[in-house]
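Residue numbers start from 1 in every chain, and the chains themselves are labelled A, B, ... in the order their sequence lines are given, proteins ahead of strands.
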Protein chains: 2
Amino acid sequence: MDRIPILQMGDLLLVTIQVDMHDQLALTLQDDLTERIQKTSARGVLIDISALDIVDSFIGRMISTISSLARIMDATTVVVGMQPAVAITLVELGLTLTGVRTALNVERGMELLRMDLLQQPDEESP
Amino acid sequence: MDRIPILQMGDLLLVTIQVDMHDQLALTLQDDLTERIQKTSARGVLIDISALDIVDSFIGRMISTISSLARIMDATTVVVGMQPAVAITLVELGLTLTGVRTALNVERGMELLRMDLLQQPDEESP
């Protein structure tokens with residue numbers, strides 16, 4: 001397992017994180033994702049973390065980085081599927097994922113992104 | 001990591017297999033998936049195996065079982081994202097996944113399922 005798959009659905013990309021992230025895997029994901037955003041002209045990135053029981057500061061930082069990377073490539077990132085226990089831990093730890101948008105599940109995340117795309121029909125800045 | 005997440009998108013379910021499957025994980029996935037098909041009235045199941053470099057007889061059998069389970073619950077299963085090397089190995093091993101439909105990637109798999117659903121408007125087609 002040396003990379004996390006990125007699935008394309010129309011102009012959205014879906015990343016499901018299921019495994020423990022380590023440095024190299026996170027870097028590979030960032031590289032792959034930026035390359036895919038460029039290649040597919042994707043406007044939205046969905047990161048599904050429903051499989052994660054624990055989100056530590058490393059994953060939190062990775063998500064923020066991906067979100068910033070995507071933003072400067074004109075794509076919006078939405079984190080979906082966060083377990084209640086994860087949300088509680090994040091807030092207790094003070095890791096509030098500022099600047100990262102969230103949705104309850106993939107469907108709502110896709111809705112959010114679609115609404116977002118409708119509101120910015122030009123290639124103008126988001 | 002004790003279960004593989006199942007993502008719902010409309011009346012389709014998406015399962016991305018990224019980790020090495022073992023007996024208990026495969027059984028949990030089958031249980032979860034049948035439960036989700038029933039709960040969500042899903043008509044299609046997409047199994048993404050783009051992260052797998054190797055598909056052995058265990059995974060082959062698991063995919064066939066899931067496909068059969070889904071079929072008797074009135075859902076179609078499509079395997080997507082198979083790597084060329086995996087396809088070659090499968091055919092060389094004689095594991096041709098009979099009865100399992102495949103598509104090149106998630107987008108084509110979704111198209112296939114949508115066409116399928118349009119063609120069988122038996123109950124109330126979505």
Side-chain angles (χ1 to χ4, degrees), chain A residues 1-22 25-26 28-29 32-33 35-36 39-56 59 78-86 103-114, chain B residues 1-22 25-26 28-29 32-33 35-36 39-56 59 78-83 85-86 103-114 126:
Chain A
M1 175 61 199
D2 51 355
R3 62 196 335 125
I4 291 179
I6 299 167
L7 308 181
Q8 189 187 354
M9 291 179 299
D11 50 2
L12 304 183
L13 299 177
L14 173 65
V15 182
T16 309
I17 296 176
Q18 296 177 11
V19 291
D20 286 334
M21 298 298 290
H22 49 79
L25 198 57
T28 312
L29 178 60
D32 287 356
L33 200 56
E35 205 175 290
R36 281 292 282 278
K39 211 184 285 176
T40 62
S41 317
R43 300 297 308 274
V45 177
L46 283 157
I47 304 180
D48 173 70
I49 57 166
S50 58
L52 300 184
D53 296 320
I54 299 166
V55 170
D56 55 13
I59 304 220
V78 179
V79 173
V80 300
M82 190 183 292
Q83 292 184 20
V86 169
L104 192 64
N105 52 39
V106 176
E107 276 195 295
R108 294 215 192 162
M110 288 172 87
E111 255 170 52
L112 188 70
L113 286 172
R114 295 250 169 265
Chain B
M1 176 60 201
D2 49 354
R3 63 195 335 126
I4 290 177
I6 300 167
L7 307 182
Q8 189 186 354
M9 291 180 297
D11 50 1
L12 305 181
L13 298 177
L14 173 65
V15 181
T16 309
I17 296 176
Q18 297 178 11
V19 291
D20 286 335
M21 299 298 291
H22 49 80
L25 198 57
T28 311
L29 178 60
D32 287 355
L33 199 57
E35 207 176 286
R36 280 293 281 278
K39 212 186 282 177
T40 63
S41 319
R43 299 298 307 276
V45 177
L46 283 157
I47 303 180
D48 172 70
I49 58 167
S50 58
L52 299 183
D53 296 320
I54 300 165
V55 171
D56 55 11
I59 304 223
V78 179
V79 173
V80 301
M82 190 183 293
Q83 292 184 19
V86 169
L104 192 63
N105 52 38
V106 177
E107 276 196 294
R108 295 215 191 163
M110 286 172 88
E111 255 171 51
L112 188 72
L113 285 172
R114 297 248 171 265

Between the main-chain N or O of A/Gly10 and the side-chain N or O of B/Glu107, is there a donor-acceptor pair closer than 3.5 Å?
yes
Could you tell me the separation between the OG1 atom of A/Thr16 and the CG atom of B/Asp48, rounded to the nearest 0.5 Å?
8.0 Å
Tell me whether the count of non-hydrogen atoms from other residues, nucleotides or ligands lying under 6.0 Å of CG in A/Asp56 goes above 12.
yes
Report, as yes or no, whether the 6.0 Å neighbourhood of atom CG on A/Asp11 holds more than 12 heavy atoms from other residues, nucleotides or ligands.
yes
Check whether A/Met9 gets within reach of chain B through its side chain, its backbone, both or neither, counting any heavy atom under 4.5 Å.
both
Check whether A/Leu14 gets within reach of chain B through its side chain, its backbone, both or neither, counting any heavy atom under 4.5 Å.
side chain
